[in-house]
K.L.:
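Sharing a structure below in structure tokens format, with a few things to ask.
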Number of protein chains: 2
Amino acid sequence: MKPKARTRRSEALSKERIVEAAIEILDTDGEETLTFRNLTAHLSTGSGAIYWHVADKHELLAAATDHVIARVMAEVVKEADPQGAIRTLAMGVFDAIDAHPWVGTQLSRNPWQHAVLRILEGVGGRIQALGVPGQDQFNVATALMSFILGIAGQYAASARFASSNTTRTEHLGAVAAKWEQLDPAEYPFVHQVAKILPEHDDRDQFLAGINLILAGIKSAL
Amino acid sequence: MKPKARTRRSEALSKERIVEAAIEILDTDGEETLTFRNLTAHLSTGSGAIYWHVADKHELLAAATDHVIARVMAEVVKEADPQGAIRTLAMGVFDAIDAHPWVGTQLSRNPWQHAVLRILEGVGGRIQALGVPGQDQFNVATALMSFILGIAGQYAASARFASSNTTRTEHLGAVAAKWEQLDPAEYPFVHQVAKILPEHDDRDQFLAGINLILAGIKSAL
DNA sequence: ACCTGAACACCGTTCAAGT
DNA sequence: ACCTGAACACCGTTCAAGT
């Protein structure tokens with residue numbers, strides 16, 4: 001009786017195969033479960049084998065993130081309207097994080113990884129097409145980036161907490177309940193927001209933020 | 001010859017003393033060096049002693065972050081003009097992250113910790129004072145928050161990489177050099193930005209982002 | 001009630017030894 | 001050239017035992 005091979009037989013290792021296996025673990029079992037021991041077991045190889053193909057865990061995570069983001073950016077390529085392109089680009093990143101919360105963690109952790117450059121290029125090109133003057137392009141593009149990366153980190157964090165055993169709305173309900181126990185005199189706004197929190201739509205919220213920034217850009221043109 | 005006591009004698013432990021000691025380690029030696037063994041050595045106590053006062057490392061980090069952010073928010077309290085208040089509040093958070101990069105990491109990692117609520121309350125109150133209609137306040141306040149937290153994560157990441165042995169400008173120069181090796185046809189915007197990157201001012205960049213969002217808010221009023 | 005510190009169950013990474 | 005897997009140098013956390 002052959003043991004169940006978790007991977008298709010034993011082809012030679014490669015960075016690509018390693019990244020794919022890592023993504024599978026990250027997607028199905030979450031970011032905390034990705035260890036080199038777990039990963040090498042999936043690949044049915046020795047615990048140190050990975051280091052021949054990948055420098056360290058940071059590089060592996062960056063490569064996995066780039067894999068996901070590259071796909072997103074490829075889908076955005078052709079959109080004539082720069083504003084529309086920025087929206088679909090941003091929502092594409094959002095949906096990728098929704099599907100792979102660990103991508104959000106990773107994006108917000110290292111601003112100079114390749115995946116972030118892909119996003120910056122995508123945003124920057126549209127900013128230029130929008131007619132933002134040269135000396136403002138850097139600030140405008142990075143502001144949009146910061147907002148996207150900020151959301152990335154937050155959304156990934158929610159997913160990390162919620163996914164364990166409760167649904168997202170249950171979890172938000174628990175958060176809102178905690179907010180309502182704060183002193184209403186000291187935290188009036190938080191109290192008000194607690195009522196909306198459990199049933200709000202993250203995607204709408206994100207798009208509203210993008211539109212806010214786009215409005216700021218247009219008002220300065 | 002008495003051994004040099006790293007802490008003032010052996011008063012009883014308390015959450016406050018633990019948090020203070022943690023902040024000192026985080027500030028002087030960086031976030032990677034904060035381990036419970038290191039921390040308890042500084043406090044000259046047993047390695048498990050902390051767990052009587054603090055649930056786990058996450059709570060400790062959240063408490064340390066709240067300690068820093070509470071100070072920042074206290075300084076902002078009275079500013080008549082809501083726009084000005086939002087600017088000083090945001091810059092206060094920025095300067096706190098500049099002085100304590102680990103605060104940036106921590107803020108971007110957990111959106112529901114108390115420190116984040118302080119910022120949200122500060123931002124939200126000013127958003128209301130600005131006259132943003134009720135149903136938009138949540139989206140607008142959280143968008144501003146996301147931008148601030150996005151910067152927090154990025155700035156902390158730069159500090160983490162740069163601080164090791166090179167100065168910030170040296171580090172940015174190295175990043176820019178890497179960007180210039182990318183295919184200019186595929187990454188035209190990144191190439192252009194690489195020229196500005198090493199000598200840009202992070203504080204100006206951050207303020208420009210805040211002003212962009214404020215402009216977006218005003219244009220919708 | 002509070003503290004000690006050995007022990008547990010892990011990590012990422014290295015590297016001699018194998019093929 | 002590539003892989004193996006024991007070993008190294010750590011982690012956070014637990015918990016019986018002490019005071």
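Values reported hereafter were calculated over all heavy atoms of this structure, with side chains retained and with hydrogens, waters and symmetry mates removed. Chain A is the first sequence line, chain B the second, and so forth, proteins listed ahead of strands; every chain is numbered from 1.
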K.L.:
Choose from D:dT14, D:dC3, C:dT13 the nucleotide whose nearest atom is closest to any side-chain atom of A:Leu13.
P.N.:
D:dC3

K.L.:
Do NZ/NE/NH1/NH2 and the carboxylate oxygens of B:Glu121 and B:Arg126 come within less than 4.0 Å?
P.N.:
no

K.L.:
Taking CZ from B:Arg37 and P from D:dC10, how many angstroms apart are they, rounded to a whole number?
P.N.:
10 Å

K.L.:
Side chain of B:Thr35 only, please: which of C:dT13, D:dC3, D:dC11 is the nearest?
P.N.:
D:dC11

K.L.:
Let me spell it out: for each of B:Lys57 and A:Gly46, pick the nucleotide of DNA chain D with the closest heavy atom. Which residue's pick is nearer the 5' end?
P.N.:
A:Gly46

K.L.:
Say whether, by atom type as modelled, one donor and one acceptor occur between the side chain of A:Arg17 and the main chain of A:Ala12 under 3.5 angstrom.
P.N.:
yes

K.L.:
Partner of D:dA17 by Watson-Crick or G-U wobble geometry, both contacts under 3.5 Å, or none?
P.N.:
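Because no pair has both required distances under 3.5 Å, D:dA17 counts as unpaired.
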
K.L.:
Grab the CD1-C1' distance between A:Ile25 and C:dC11 for me, whole Å please.
P.N.:
15 Å

K.L.:
Below the 4.0 Å mark, does C:dC3 have OP1 or OP2 next to a side-chain nitrogen or oxygen of B:His53?
P.N.:
yes

K.L.:
With both distances under 3.5 angstrom, what nucleotide forms a Watson-Crick or G-U wobble pair with C:dC10?
P.N.:
none

K.L.:
If you look at every strand shown and take non-hydrogen atoms under 4.0 Å, does A:Leu60 touch a base, only sugar-phosphate, or nothing?
P.N.:
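No contact at all - A:Leu60 keeps every heavy atom at 4.0 Å or more from the nucleic acid.
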
K.L.:
Salt bridge or not between A:Arg203 and A:Asp98? Use side-chain N to carboxylate O under 4.0 Å.
P.N.:
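No salt bridge links A:Arg203 with A:Asp98.
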
K.L.:
D:dA16 P sits how many Å from B:Tyr51 OH, rounded?
P.N.:
16 Å

K.L.:
Could you pick out which residue, B:Ala49 or A:Leu34, lies toward the 5' side of DNA chain C when each is mapped onto its nearest nucleotide?
P.N.:
B:Ala49

K.L.:
At under 4.0 Å between heavy atoms, what does B:Ile50 touch on the DNA or RNA strands: base, sugar-phosphate, or nothing?
P.N.:
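Since no nucleic acid heavy atom lies under 4.0 Å of B:Ile50, the category is nothing.
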
K.L.:
For the backbone of B:Arg109 and the side chain of A:Arg160, can you confirm whether one donor and one acceptor N or O come within less than 3.5 Å of each other?
P.N.:
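The answer is yes, because a donor-acceptor pair under 3.5 Å joins these two groups.
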
K.L.:
Nearest to the side chain of A:Phe36 - C:dG12, D:dG12, C:dA6?
P.N.:
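Selected nucleotide (nearest to the side chain): C:dG12.
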
K.L.:
Can you check the B:Leu43 CG to C:dC2 P distance for me, whole Å?
P.N.:
16 Å

K.L.:
Using atom CG of B:Leu39 as one end and atom P of D:dT13 as the other, report the distance to the nearest whole Å.
P.N.:
12 Å

K.L.:
For B:Glu59 and D:dT13, give me the distance from atom CD to atom P, rounded to whole Å.
P.N.:
11 Å

K.L.:
Report the distance from atom CD of B:Glu32 to atom P of D:dG12, rounded to the nearest whole Å.
P.N.:
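Atom-to-atom, B:Glu32 to D:dG12, this comes out as 12 Å.
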
K.L.:
Main chain of A:Gln106, side chain of A:Gln113: is a donor-acceptor contact present, judged purely on distance under 3.5 Å?
P.N.:
yes

K.L.:
Using OP1 and OP2 only, check whether a side-chain N or O of A:Trp52 sits under 4.0 Å from D:dC3.
P.N.:
no

